[in-house]
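These notes are about the structure you will find just below.
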Amino acid sequence: MLEIQDIRKDKGERIIEGLKKRHFDAEPIVQEILDLDSKWRESKGNLEEIAAEMNQISKQIGLLFREGKQEEANEAKAMTGQLKSSEAELKVKVDELEATIQDLMYLLPNVPNELVKAGKSELDNETTEEFGNAPSFDFDAIPHWEIAAKHNLIDFELGVKITGAGFPVYRGKGAQLQRAMINFFLAEAAKAGYEEVIPPLFVNEDSAIATGQLPDKEGQMYHDERDDLYMIPTAEVPITNMYRNVIIPNEDFSVKLTGYTPCFRREAGSYGSDVRGLNRLHQFDKVEIVRIEHPNNTDAALEEMMNHVKGLLEKLGLQYRILRLCGGDTGFTAAMTYDFEVYSAAQDKWLEVSSVSRFDTFQANRLKLRFKNADKKTKLCHTLNGSALALPRIVAAMLENHQTKDGVTIPECLHPYTGFKSI
RNA sequence: GGAGAAUUGCCAGAGUGGUCGAAUGGACUGGUCUUGAAAACCAGCGUACCGCAAGGUACCGGGGGUUCGAAUCCCUCAUUCUCCGCCA
């Protein structure tokens, strides 16, 4: 969530201007917020005046009683009726205004970083870097779902029977490969100084709001209504929420956390070739890296995270490119996002395998995640996170790009974890 | 799932209707003293909102209520602990 102080400062000009890069017209919302905010301040001021008066009178009544001046006390009591009712009235008004302002604030997405270009959709994303060469095959490369079927690695139909579409069953070397990659990713993250956590896979409403899944992406999460819990769409949610309502001591920077979790996404409305095989699932595995930073260090942290992901892809021997998402394609909560895509020769498409984002104070504001700056003022921290990496698509890319005529070669970095060198 | 007890500031812990944003101790920060440290002493030591400021308001697990006035009484929810039941 953006900071209301930020809107007051320049009448929201910076925000309105910045959000144009998302093709988001913030002006009417900002206007309404400003309008309601001044009303709110006025009412709030009045309310506090009355409250102060009430407090005064109450104090006096207390004194009178102690001095045994019953009558005077009762007289004073009688005077409070009018004040009390106008206080109640104002309170309702103030609460309403607050709620409305809050709702409006929820509508405003994060302001894109200065590096982010204006744009409407993925077509406007910029490719910032490209690494590696496309694999060449002297046979007909087949897509991963065929490879998976051929070697009995993943059974999609079985998943349909047990649960439904988008819940595959990994088996044999397919399951082992999956587990090996998780361990590899976690080990690499540990090497890079990230503390591993195993968080809950369900979160409460407060957590889902704090990282921005609610109220915005309600329909994307599985929701257990009975206990009012949400299944996590990414480890970002529980891990970042470890720091909800926390003022972190300066010496704790940088906070670097990693965690492997399954992720659950309803993916309502997806269909077609996008959902073929491992391309889009309702349940998938991911190793996430999360950072909480002093604002001064955010640029450096982002770069470090990018390099971490690059390192993983290079070790896996995959060709990839990095996109800086344009304003319109950048997620609601993010100030800037880099997507890592691996080229799949067999499918002739680029598969998104990682997404590294900085949120600046947007999440921290909802999280109430703060630190104390040099002059002891509490300030909002910055949060960042990235996938390192998301399993299904990286598995798909590996199977496809490392396929041989009658199997798949496992990259060397995984050998200690798989126990086998080929499929 | 049933019964009981509890939830107060960074921590421990007092406080059962008015002068309580909250005693006291510890931790921490600054100062005095010291060659330095320890000890002792003095001072400071929560968050947020409104306000140029003075100041005001709100917060004692969350929400609601009673009252002129609530940390204190009532309702409700959550969490923790103990006992019983069930169970990987």
Side-chain angles (χ1 to χ4, degrees), chain A residues 1-11 33-105 198-210 214 224-230 238 241-253 255 361 363-381:
Chain A
M1 187 162 54
L2 299 171
E3 295 166 80
I4 186 124
Q5 292 89 335
D6 218 25
I7 295 183
R8 281 185 198 144
K9 226 171 20 205
D10 62 351
K11 295 207 187 322
I33 289 172
L34 283 168
D35 180 42
L36 292 173
D37 183 56
S38 72
K39 283 184 185 148
W40 173 80
R41 277 191 282 181
E42 195 194 329
S43 301
K44 179 86 169 172
N46 293 341
L47 176 63
E48 289 186 356
E49 256 171 52
I50 293 177
E53 210 175 319
M54 285 287 283
N55 287 343
Q56 272 305 319
I57 294 174
S58 295
K59 223 172 242 184
Q60 244 142 36
I61 292 174
L63 280 169
L64 290 172
F65 270 124
R66 195 134 11 121
E67 291 163 10
K69 298 176 178 166
Q70 295 276 343
E71 278 168 42
E72 282 177 57
N74 284 326
E75 268 170 49
K77 255 200 217 183
M79 283 164 45
T80 59
Q82 178 64 38
L83 275 176
K84 229 187 153 179
S85 63
S86 47
E87 186 186 26
E89 222 171 275
L90 266 172
K91 177 88 163 53
V92 171
K93 193 169 168 191
V94 167
D95 286 350
E96 268 173 18
L97 282 167
E98 266 170 28
T100 312
I101 291 169
Q102 183 71 226
D103 287 347
L104 289 168
M105 290 300 292
I198 301 180
L201 304 183
F202 285 84
V203 293
N204 58 31
E205 191 183 20
D206 285 348
S207 294
I209 289 173
L214 292 178
D224 170 23
E225 292 191 9
R226 210 177 148 109
D227 294 306
D228 200 16
L229 295 173
Y230 295 85
N241 270 283
M242 288 165 60
Y243 284 84
R244 172 149 49 86
N245 242 315
V246 168
I247 297 179
I248 41 179
N250 268 289
E251 61 268 25
D252 283 7
F253 285 124
V255 176
T361 59
Q363 288 184 327
N365 190 214
R366 290 198 194 178
L367 288 157
K368 293 197 176 25
L369 165 53
R370 295 160 296 174
F371 69 99
K372 285 196 196 287
N373 73 1
D375 39 301
K376 299 248 167 102
K377 287 265 190 202
T378 50
K379 304 279 281 179
L380 294 171
C381 298

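In this text, all values refer to a predicted model and were calculated from it rather than measured experimentally. Just so it is clear, the values below take in all heavy atoms, side chains as well, and ignore hydrogens, waters and symmetry mates.
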Distance check needed: B:U79 P versus A:D228 CG, whole Å only.
12 Å
Any residue in residues 92-102 of chain A with a heavy atom nearer than 4.0 angstrom to RNA chain B? Just list them by number, or reply none.
none
Determine the Euclidean distance between corresponding C1' atoms of B:A40 and B:U34; express it in Å to zero decimal places.
12 Å
Paired nucleotide for B:U67 [Watson-Crick or G-U wobble; both distances under 3.5 Å]
none
How long is the straight-line distance from OG1 of A:T100 back to CG of A:L36, given to the nearest 0.5 Å?
6.0 Å
Got a sec, which pairs hit salt bridge (charged side-chain N to carboxylate O under 4.0 Å, His left out) with one end in residues 78-94 of chain A, sequence neighbours left out?
A:K91-A:D95
When both hydrogen-bonding distances must be under 3.5 Å and the geometry is Watson-Crick or G-U wobble, what is B:U79 paired with, if anything?
B:A6
Below 3.5 Å between N/O atoms, which protein atoms pair up with nucleotides 65-67 of chain B? Just atom names and distances, please.
none

Partner lookup for B:A54, please. Criteria are Watson-Crick or G-U wobble with both distances under 3.5 angstrom; report none if nothing qualifies.
none
Considering non-hydrogen atoms only, spot the tightest contact between A:C381 and A:A364 and give its length.
O-CB, 3.1 Å
How far, in whole Å, is B:A23 from B:U76 if one measures between their P atoms?
32 Å
Under a 3.5 Å cut-off for both contacts, is B:C33 paired Watson-Crick or G-U wobble with anything, and if yes, with which nucleotide?
none
Among residues at least two apart in sequence or on other chains, which ones pass salt bridge (Lys or Arg N to Asp or Glu O under 4.0 Å) with A:D6?
A:K9, A:R14
Between B:A48 (C1') and A:N365 (CG): distance, integer Å:
13 Å
Between the CG atom in A:D37 and the CD atom in A:Q5, the distance rounded to the nearest 0.5 Å is 9.0 Å
Among all residues two or more places apart in sequence or in another chain, which pass the side-chain contact (heavy atoms from CB on, under 4.5 Å) test with A:M1?
A:Q102, A:M105, A:Y106, A:N365, A:R366
Not counting sequence neighbours, which residues clear side-chain contact (heavy atoms from CB on, under 4.5 Å) with A:I247? List them please.
A:R370, A:K372, A:T378
Contacts of A:E3 that satisfy side chain to side chain donor-acceptor pair (under 3.5 Å) - sequence neighbours left out
A:T361
Please give the distance between the C1' atoms of B:A78 and B:G61 as a whole number of Å.
8 Å
Under 4.0 Å: is that the gap between some side-chain N or O of A:Q5 and OP1 or OP2 of B:C49?
yes
Distance between C1' atoms of B:G26 and B:A14 (Å, rounded)
15 Å
Is there a Watson-Crick or G-U wobble partner for B:G21 with both distances under 3.5 Å, and if so, which one is it?
none
Residue list, side-chain contact (heavy atoms from CB on, under 4.5 Å) with A:L201, at least two apart or on another chain
A:I232, A:T261, A:P262
Taking atom P in both B:G15 and B:G64, compute the distance separating them and give it to the nearest angstrom.
28 Å
Write down the distance separating the C1' atoms in B:U16 and B:G69, rounded off to the nearest Å.
15 Å
Mate of B:C59 across any strand shown (Watson-Crick or G-U wobble, both atom pairs under 3.5 Å) is B:G46
Specify the closest pair of heavy atoms between A:Y230 and A:E205, including all atoms of both residues, with the distance to one decimal.
CE1-CA, 4.1 Å
Using whole Å, what does the distance between atom C1' of nucleotide B:U79 and atom CG of A:N204 come to?
12 Å
Interatomic distance, A:D6 CG vs B:C49 P [rounded to whole Å]:
13 Å
Measure the distance from CE on A:M54 to C1' on B:A70 and round it to the nearest whole Å.
13 Å
Could you write out each protein N or O paired with an N or O of nucleotides 15-18 of chain B at a distance under 3.5 Å?
residue	atom	partner	partner atom	Å
B:G18	N2	A:S58	O	2.7

Under 4.0 Å protein heavy-atom contacts per nucleotide of nucleotides 51-58 of chain B, with B for base, S for backbone only and - for none:
S----BBS
Taking A:S43 for its side chain and A:W40 for its backbone only, find out whether a donor-acceptor pair lies under 3.5 Å.
no
Rounding to a whole Å, what distance do you find between A:N46:CG and B:C49:P?
20 Å
Can you tell me how far C1' in B:G9 sits from the matching atom in B:U24, rounded to whole Å?
13 Å
The criterion is side-chain contact (heavy atoms from CB on, under 4.5 Å); which residues satisfy it with A:L229, sequence neighbours excluded?
A:F202, A:N204, A:D227
Say we look at B:G30 and B:G21: how far apart would their C1' atoms be, to the nearest angstrom?
23 Å
Solution key, residues 51-62 of chain A side-chain donor-acceptor pairs under 3.5 Å, sequence neighbours excluded:
residue	atom	partner	partner atom	Å
A:N55	ND2	A:A51	O	3.4
A:S58	OG	A:M54	O	3.0

B:C86 pairs with which nucleotide, Watson-Crick or G-U wobble, both distances below 3.5 Å?
none
Which heavy atom of A:L380 sits nearest a heavy atom of A:F371, and at what distance?
O-CE2, 3.4 Å
Rounded off to whole Å, could you give me the CD1-to-P distance for the A:I247 and B:C45 pair?
16 Å
Rounded to whole angstroms, how far apart are CD on A:E205 and P on B:G62?
18 Å
Looking at every non-hydrogen atom in both residues, tell me the closest pair between A:A210 and A:L367 and how far apart they are.
CB-CD2, 3.6 Å
In sequence, state the C-alpha distance, the side-chain angles, and the governing distance for A:N241 and A:V203, and then conclude on side chain to side chain contact (heavy atoms under 4.5 Å, CB included).
CA-CA 9 Å; A:N241 270 283; A:V203 293; 5.9 Å; no
